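Since this is a predicted model, take the numbers as computed values, not measurements. Note on naming: letters A, B, ... go to the chains in the order of the sequence lines (proteins, then strands), and numbering restarts at 1 for each one.
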There are 2 protein chains.
Amino acid sequence: MARDALSQAFSALADPTRRAILARLSKAEATVGELAAPFDMSMPAISNHLKVLENAGLIVREVDAQRRRCRLTPDGLKEAKSFMTEIAAFWEDSFGELDAFLARGDDLVGSDAKQTESNSEKDQDDGSSNESGGGAGTRSHS
Amino acid sequence: MARDALSQAFSALADPTRRAILARLSKAEATVGELAAPFDMSMPAISNHLKVLENAGLIVREVDAQRRRCRLTPDGLKEAKSFMTEIAAFWEDSFGELDAFLARGDDLVGSDAKQTESNSEKDQDDGSSNESGGGAGTRSHS
DNA sequence: CCTTTATTTAATCAATGTCTTATTTAAGGG
DNA sequence: CCCTTAAATAAGACATTGATTAAATAAAGG
């Protein structure tokens, strides 16, 4: 039942309804009813989405009389984002510092180069092994 | 069949095996057999994971004789990361620029000048929240 | 008390995902 | 040519997810 936190977080994010709920909550906290309103979907369905988001550590729910106030919490996203950052460090050209640099319109590639295939070896730096061996070998038989 | 790119990317990331493959590929490109080796899992299973990653725009496969070289591609992660950044902009204290800033040990709480007020100005009705109505409203009555 | 409002729980069912083994395609070597 | 290696595809078992309707819980209010 309890998957690792990272899987839960990404899995929770892999649904447009849940992402919309998060987007909504990024503006202001809201009750379940308010969150459900814009969707053509039953209340229990929304309730379940919220449970998924809560289990993933993306939101918290606090009881207020007979309504539940939902609010974002940074816990889940933090890990998820840092994983992506580590993976993305390989290119590093695509977003981040250099991205802004490129956006400025500097001529970085323009002269005559057709540098489509220039990078094949970047193999040296492997300080960042994540969960590769251990976390992935989860083989649960039936 | 074709879900939106963001859902595909997050869904692809929501599996430890696939994340381990990405982590491996972030060091160097590899063939399917090399990627499969560390896992106690059949080759077709790995092949399927790779297909998921490819469909999500996270890797590309190029044919080399009878083996396939797999390599990371920034396309998928880019969108995913920017979604998370937008959502996370609500707290903004938890990670990102300010996080590194705080890590430096500067006195931020004492001086009330400049940390909080960058989020309420943005009026973010932008691209991240819009797919909710259309994408989520799939209902079929039975 | 009984009703209204807000939300969760339960039972159910269709659709999807994730493995497996078996078979197939493709490229190279004896 | 046949055989081996590398990988994809096919078909099937099994678990998980995502939605539904119906019923239950909990707080406020007439």
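Annotation: the span from Arg18(B) atom CZ to Asn48(B) atom CG amounts to 8.0 Å, rounded to 0.5 Å.
When the P atom of dT20(C) is taken as reference, atom CE of Met41(B) falls 6 Å away, rounded to whole Å. Atom NE2 in His49(A) sits about 19 Å away from atom P in dT16(D), given to the nearest Å. In this structure, the CD atom of Glu54(A) is 10 Å from the P atom of dT9(C), given to the nearest Å. Rounding to whole angstrom units, CG of residue Leu35(A) and P of dT8(C) are separated by 10 Å. In this structure, Ile59(A) atom CD1 and dT7(C) atom P are separated by 12 Å, rounded to whole Å. Distance, Asp15(A) CG to dT16(C) P: 14 Å, rounded to whole Å. As a whole-Å value, the separation of Glu62(A) CD from dT7(C) C1' is 16 Å. Spacing between atom CZ of Arg18(B) and atom C1' of dC19(C) amounts to 12 Å, rounded to whole angstrom units.
Ala65(A) comes within 4.0 angstrom of sugar-phosphate atoms only, judged by non-hydrogen atoms across all strands, and of no base.
With hydrophobic clusters built from ILVMFWY side chains whose heavy atoms lie under 4.5 angstrom apart, Met41(B) shares a cluster with Leu50(B). If you chain together hydrophobic residues whose side chains sit under 4.5 Å apart, Phe39(A) and Leu13(A) fall into the same group. Under the 4.5 Å side-chain heavy-atom criterion for ILVMFWY residues, a single connected hydrophobic cluster contains both Ile59(B) and Met43(B). Hydrophobic clustering keeps Val52(B) apart from Leu6(A) (ILVMFWY residues linked when any side-chain heavy atoms are closer than 4.5 Å, directly or through intermediates).
Close to dC19(C), at under 4.0 Å from its OP1 or OP2, lies no side-chain N or O of Ser42(B).
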Let me have a per-nucleotide readout for nucleotides 2-9 of chain D, 5' to 3', with B, S or -, counting only protein heavy atoms under 4.0 Å. ----SSSB

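When each of Asp64(A) and Val52(A) is assigned the nucleotide of DNA chain D bearing its nearest heavy atom, the one mapping closer to the 5' terminus is Val52(A).
Using a 4.5 Å cut-off on side-chain heavy atoms (C-beta onward), Thr73(B) and Glu54(B) make no contact.
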Structure string for DNA chain D in dot-bracket form, Watson-Crick and G-U at under 3.5 Å, | interchain: ||||||||||||||||||||||||||||||

